[in-house]
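Presented below is the structure to which this report refers.
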Amino acid sequence: MTQPISRAVLGLARLTLLEARRTAVGKSALAAIAIAVCLALFVDRVVLTDQERATVVTYAVIVRLAVVLTLGLAIVANTVRDLNERIIENFLALPLTRMQYALGKWLGWTLVAVLCALSAGLPLLGFLNTPGRLQWTLSFAAETVVVASLALVLALTLGRVITAMFAFCAMYLFARVSSMLVLLSANMGADQDSLLDRFAARFVELAGYLLPRMDRFAVTAWLSGGPIRLGPDLLQAAIYIALLGAVARIELRRKQF
């Protein structure tokens, strides 16, 4: 997304923020965070040993999935509505190109995603003996930006809420477990001599290369004293966002509106 940032683009980003506020996206994210906190506190009451660690891990796992799904649904529903109700044509009547429209929407949703990630990291401040809280929050913010970019591109490409959300969930789930699937498929392909097994192993390996390694973002082990590697996450996020920008540029040129 290399289009110049004009006043119209910034205005569209601000309008996206206001629309997210009016459609209660922020309230939904806060509700998801509150539910994750409640479940984590319940685990704290149930676990007999190492309570703080179990509570933090439970919260991190639940809030990560809840915020990602909330963001994905909000972005997909908003973008598909713009397409179906031809709201996008009103924006294109302004001094905006199609790519500038996508850039404005992306900037707005990126800010929403970062705010949600920072809000998700705030409850971790209550656990004083937990290391890696800042790094986990920053990595989760990078993950939410990638997620917002993916949801926006899928919505623009597919144009249907159910189809785009199904694709979004499938791609995110595969990106989360891709390393494990690649390892399993490689072992399966090595043990089996059939052509189908070897093809499945290579297909899963190729798909693993095309999608980002979401399991490397906001690693729960960081909150338990594990080694922290934040640099590869940020580099991976920047590369994948650039690739999604290229896909969006091609798709917007192909569409007739």
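Only this structure's heavy atoms are used, side chains among them; waters, hydrogens and symmetry mates stay out. All figures in this text were calculated on a predicted structure; none of them were measured in a lab.
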With sequence neighbours excluded, what pairs up with F140 under the ring-ring contact (aromatic ring centres under 6.0 Å, His included) test?
W136

So, taking the atom named [atom1] in [X] and the one named [atom2] in [Y], what distance separates them when rounded to the nearest 0.5 Å?
X    : Y    : atom1 : atom2 : result
T55  : L124 : OG1   : CG    : 11.5 Å
L158 : L83  : CG    : CG    : 10.5 Å
L107 : L10  : CG    : CG    : 7.0 Å
M214 : Q236 : CE    : CD    : 7.5 Å
L156 : L244 : CG    : CG    : 11.0 Å
I75  : F168 : CD1   : CZ    : 7.5 Å

How would you list, by chain and number, every residue that makes a side-chain contact (heavy atoms from CB on, under 4.5 Å) with [X], sequence neighbours excluded?
X    : value
L115 : L111
A237 : A142, V146, F217
A54  : V43, V47

Hey, any chance [X] and [Y] share a hydrophobic cluster, counting ILVMFWY side chains that come within less than 4.5 Å of each other, even indirectly?
X    : Y    : value
L230 : L134 : yes
L118 : V145 : yes
V147 : F166 : no
L223 : L122 : no
V112 : L15  : yes

Flag if over 12 foreign heavy atoms under 6.0 Å of CZ, R81
yes

Counting heavy atoms not belonging to L18, are there more than 12 under 6.0 Å from its CG?
yes

Distance-minimising heavy-atom pair for G104 and L12
CA-CD2, 4.0 Å

Examine distances only and state if a side-chain atom of Y59 and a backbone atom of A120 form a donor-acceptor pair shorter than 3.5 Å.
yes

Quick one: which residue pairs count as a salt bridge (Lys or Arg N to Asp or Glu O under 4.0 Å) with a foot in [range], not counting sequence neighbours?
range            : result
residues 99-115  : D82-K105
residues 114-136 : none
residues 108-118 : none

Once side-chain hydrogen bond (donor to acceptor under 3.5 Å, both in side chains) is applied, what residue pairs with a partner in residues 63-73 remain, sequence neighbours excluded?
R64-E143

Taking the hydrophobic residues Ile, Leu, Val, Met, Phe, Trp and Tyr, and joining any pair whose side-chain heavy atoms are under 4.5 Å apart, which ones share a cluster with V61?
V57

Test side chain to side chain donor-acceptor pair (under 3.5 Å) applied to S139 - qualifying residues, sequence neighbours left out:
D233

Could you list the residues that satisfy side chain to side chain donor-acceptor pair (under 3.5 Å) with S119, not counting sequence neighbours?
none

Tell me, with the steps shown, if T58 and F42 meet side-chain contact (heavy atoms from CB on, under 4.5 Å).
CA-CA 10 Å; T58 301; F42 173 76; over 6 Å; no

Flag side-chain contact, heavy atom, 4.5 Å: C116 against T144
no

Does the side chain of T79 come within less than 4.5 Å of L152's, by heavy atoms?
yes

Result block: side-chain N/O donor-acceptor pairs under 3.5 angstrom for residues 20-39, not counting sequence neighbours:
{"from": "T23", "atom 1": "OG1", "to": "E19", "atom 2": "O", "distance (Å)": "2.7"}
{"from": "T23", "atom 1": "OG1", "to": "A20", "atom 2": "O", "distance (Å)": "3.3"}
{"from": "S28", "atom 1": "OG", "to": "A24", "atom 2": "O", "distance (Å)": "2.8"}

Qualifying residue for side chain to side chain contact (heavy atoms under 4.5 Å, CB included) with L65, from I62, L69, V63, V67:
L69

Would you kindly say whether W106 and S149 are connected by a side-chain donor-acceptor distance under 3.5 Å?
yes

